[in-house]
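Report on the structure given below.
Start at 1 and go down the list; that is how both ligands and their atoms are numbered.
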Amino acid sequence: MAQLYSAPKGTADLLGDSARAWDFLQDSARAVFTRYGYQSIYTPLFEHTEVFTRGIGEATDVVGKEMYTFEDRGGRSLTLRPENTAGVVRAAIQAHLTDNNAAAKLFYTGPMFRYERPQKGRQRQFYQIGAEGLGLNTAAADAEMIMMLWEYFTTLGLQRTSMRLLVNSMGDETCRPAYREQLAQFIRENDAALCKDCKRRADTNPLRAFDCKNEACVAVMDSAPLLADVLCDDCREHNDAVLQLLDAAGLKYQLDPRLVRGLDYYTRTVFEVQVDHGLGAQNALGGGGRYDGLFQDLGGKPTPCIGFAIGAERTVLALQAQGATVAADTGLLVYVAAATDLQRDAAFTLTMQLRSRGLTVLCDLQNRSLKSQFKQADRAQAHYVLIVGEEETTRGGVTLRNMETKEERFVTLGSVVKTLTSERQ
Ligand code: HAM
C-alpha cells in the first residue's frame, strides 16, 4: 500500500463548508470594495526575498523568524509572501501605476505564508483579503479605508457590538526617531524586569515591546512614554482630522496609544478590528494603516498609501461564534430525476435546457435508482425535484416536487421555467 499523506502542519484543505465560507468572504469583499472604487490585483505568491526584508523590516518577527525563504534552481533567493502589501507596492512601481500623482485602489484575496506556531486562528498558510489605496494622502483616505473595513465586517453579519475598532498614530520621520530613542532608553532603564526579547528590542525595534504578551513586560510598558504625547504638528493635525471624520460618520473607535502593529512600514494612522469571543489570543480580525515610506524603501518615488488586510480564518471563526451563516445564498437549486432507465436521456436533455435558461440544475450521472436520486437531491439541498416519468412524458410535462412542503403537481414542459422562477420569488 502506498503511503498516505496529510496536509502539512499549519495548513488546511478548504472543502465543503470551509470552501463555501471562503467564497462568501471573497464575494462579499468584491461587492463592498468595488462600491468604493477598488479593483482586483493578482501578484505572484513568491517575490524576491528583498521585497519583504526591505519592505516589512529586518527587525520584525515576520522577517526575522517567519518567512518561507528558499533558493530556486537559478540560485535566486525567493520568499513565499508573508503578506501582500510589499508585493502590491512592488507591482505598482513596476507598472508605473502611480506616476504623475495618479492614485490606484487595489484589492486582493489569497493565501499568505508565515512559519508560526499553529493554534486556533493561526496557521502557516492562511488566507487574507486586503485593500491598498496608493497615492492617497488625505485624512479622508484614512477614514474611507477604516469605514470600508468596518462595512465589510458588518456586511458579513458580524455584530457591531462584538467588535472593537482600535486606532492610533505611529508618527512619521519627523517625530518618531526621537521618540524611538526615548523609548529605547526607557526599556534599558527597566530591563531587569523585561523578557530577553524585549531587552533586545531596545536596540532593534523598541516599539514592538508594546506587543509583548509577557505579564511582567506588559506591566513595565504600562508606564512607558507614549508616541501619542509627542506627535509632531503635522501628524497630530492629520490624526485629529481622521478622528473627526470617523466621529462625523458615527463610527465608534477606541484610541489605543499602545497599538503598534507588527510590520515596520507604518506611518501615522494605524488601526485594528478585534473581537472578544471565539478567537482566544488571536483576536485581531484585521488591521492596517498608512505606509507613506514603503514606495521609497522599494526604490519608488515618494507615494503616500494606506491599506488593510483581514484574516479569513479568524473572520470565519468569529462569525461561527456568533451563530451566523457563513455562506452565500446559492439561489434556486433544481434536481431533475429520471423515474426509470428509459427516461435518463430525456432527463439529461431537460437538465441542459434548464441550465441554458440560467437555472442551477443537477441530475444523476451515476445511473442511480429514483429513490437514491431523491436522496442525492436532498443532500444537495435542492429546492425542487422535477421527475421525468413515462406518464408525464406522454402528457408532455414533468412532476414538480417541492422539497420543503413535499407537495407534487404536474407542470407542462413549456411552463417549467416560469413556474420555478415565480415559485422562488
Ligand atoms: P497583519 O496584521 O500582519 O497585517 O495581518 C492581517 C491579518 O491577517 C491579521 O489581523 C490576522 O487576522 C491575519 N493573520 C496574520 N497572520 C496570520 C496567521 N498566521 N494565521 C491566520 N491569520 C493570520 C498585514 O498583513 C498587512 N499587510 C496589512 C496591511 C495592508 N497594512 C497595510 N496594508
Next item on the list: Could you grab the distance from atom CZ of Arg200 to atom CG of Leu194, nearest 0.5 Å is fine?
Entry: 12.5 Å

Write out each pair where an N or O from ligand 1 and one from the protein are under 3.5 Å apart, with the distance.
residue	atom	partner	partner atom	Å
ligand 1	2 (O)	Arg261	NH1	3.1
ligand 1	2 (O)	Arg261	NH2	2.8
ligand 1	3 (O)	Arg114	NH1	3.1
ligand 1	3 (O)	Arg114	NH2	2.9
ligand 1	4 (O)	Arg261	NH2	3.0
ligand 1	5 (O)	Gln128	NE2	3.2
ligand 1	8 (O)	Gln128	NE2	3.2
ligand 1	10 (O)	Ala284	O	3.4
ligand 1	12 (O)	Ala284	O	2.9
ligand 1	12 (O)	Leu285	O	3.1
ligand 1	12 (O)	Gly311	N	3.3
ligand 1	16 (N)	Arg114	NH1	3.4
ligand 1	19 (N)	Glu116	OE2	2.6
ligand 1	19 (N)	Gln123	O	2.8
ligand 1	20 (N)	Gln123	N	2.9
ligand 1	25 (O)	Arg114	NH2	3.2
ligand 1	25 (O)	Gln128	NE2	3.0
ligand 1	27 (N)	Glu83	OE1	2.6
ligand 1	27 (N)	Thr85	OG1	2.8
ligand 1	27 (N)	Tyr265	OH	3.0
ligand 1	31 (N)	Tyr266	OH	2.6
ligand 1	33 (N)	Thr85	OG1	3.2
ligand 1	33 (N)	Glu132	OE1	2.8
ligand 1	33 (N)	Glu132	OE2	3.2
ligand 1	33 (N)	Phe308	N	3.4

Margin query: Suppose we screen for ring-ring contact (aromatic ring centres under 6.0 Å, His included). Which residues come up paired with Tyr115, at least two apart in sequence or across chains?
Written below: Tyr68

Notebook entry, point to check: What residue pairs, at least two apart or across chains, pass salt bridge (charged side-chain N to carboxylate O under 4.0 Å, His left out) with a residue in residues 27-44?
Noted result: Arg35-Glu151

Note to self: Quick test of your reading: applying ring pair (Phe, Tyr, Trp, His ring centres under 6.0 Å), list the pairs with at least one residue in residues 285-329, sequence neighbours left out, ordered by first then second residue.
What the structure shows: Phe33-Phe308, Tyr265-Tyr291

Item checked: Note, Pro111 side chain near Leu45 side chain (heavy atom, < 4.5 Å) -> yes

Margin query: Taking side chain to side chain contact (heavy atoms under 4.5 Å, CB included) as the criterion, tell me which of Thr421, Val417, Leu420 meets it with Arg357.
Written below: Val417

